[in-house]
Amino acid sequence: MNVDSPQSQNTSLQRLQNVEKRVVRVLELAGGVMDELANPSGPRKNSLNNHCGEFMQLIKDIQVTLREEIKSACEYRPFEKCDYSARLSSEVSCKKLEYVLSQLDKMEETINQYQGST
């Protein structure tokens, strides 16, 4: 059973929906293997080989597709052009500078008081 349609898979959602279909097929194949193993007359080797071969191919396809989707999701950075971090850093720097200036003002007052009392 081929779950890929001949039409182009151009969206991430379509690719993930195909992965979902493959997962369902994988579960069906696993159930088929269990049925074969539970067969009172013994499992048919040919049937087991076919199920296992298709199972492994689908698992490989699922893995490749998910790996590609994860990679493309990691490359997509919706906040890449956001300047929030830079603005926050600048604001923190400004607050630190204001604090340093207030301390310098206090030091200047203290120096002026000391010089005025001598």
- Message: Would you compute the distance between atom CG of Asn39 and atom CE of Met34 and round it to the nearest 0.5 angstrom?
- Response: 13.0 Å
- Task: Indicate yes or no: at least one non-hydrogen side-chain atom of Thr11 is less than 4.5 angstrom from one of Leu16.
- Result: no
- Same hydrophobic cluster for Val24 and Leu29, using side-chain heavy-atom links shorter than 4.5 Å among ILVMFWY? no
- Show the numbers, then the answer: is there a side-chain contact (heavy atoms from CB on, under 4.5 Å) between Glu69 and Val19? CA-CA 11 Å; Glu69 287 303 309; Val19 165; over 6 Å; no
- Query: If you round to the nearest 0.5 Å, how far is CD of Gln14 from CD of Gln17?
  - Reply: 7.0 Å
- Nearest-0.5 Å distance that lies between atom CG in Asn18 and atom CG in Asp61: 10.5 Å
Do any side-chain atoms of residues 101-111 form donor-acceptor pairs under 3.5 angstrom with protein atoms, and if so which ones, sequence neighbours left out?
residue : atom : partner : partner atom : Å
Ser102  : OG   : Tyr99   : O            : 2.7
Thr110  : OG1  : Lys106  : O            : 2.9

- When rounded to the nearest 0.5 Å, the distance separating CZ of Arg87 from SG of Cys94 is 13.0 Å
- Is there side-chain contact between Leu37 and Leu48, with at least one heavy-atom pair below 4.5 Å? yes
- Can you list the residues that meet the side chain to side chain contact (heavy atoms under 4.5 Å, CB included) rule with Arg67, with sequence neighbours excluded? Gln63
- Any Ser93 side-chain heavy atom under 4.5 Å of Leu97 side chain: no
- Taken in chain and number order and not counting sequence neighbours, the residues that satisfy side chain to side chain contact (heavy atoms under 4.5 Å, CB included) with Ile59 are Val26, Phe55
- Can you tell me if Ser47 uses its side chain to pair, donor with acceptor, with the backbone of Arg44 under 3.5 Å? no
- In this structure, CD of Glu68 is separated from CZ of Arg15 (nearest 0.5 Å) by 8.0 Å
- Message: Tell me whether Met56 shares a hydrophobic cluster with Val33, the cluster being built from Ile, Leu, Val, Met, Phe, Trp, Tyr side chains joined at under 4.5 Å.
- Response: no
- Message: Return the NZ to CG distance between Lys21 and Leu58, rounded to the nearest 0.5 Å.
- Response: 13.5 Å
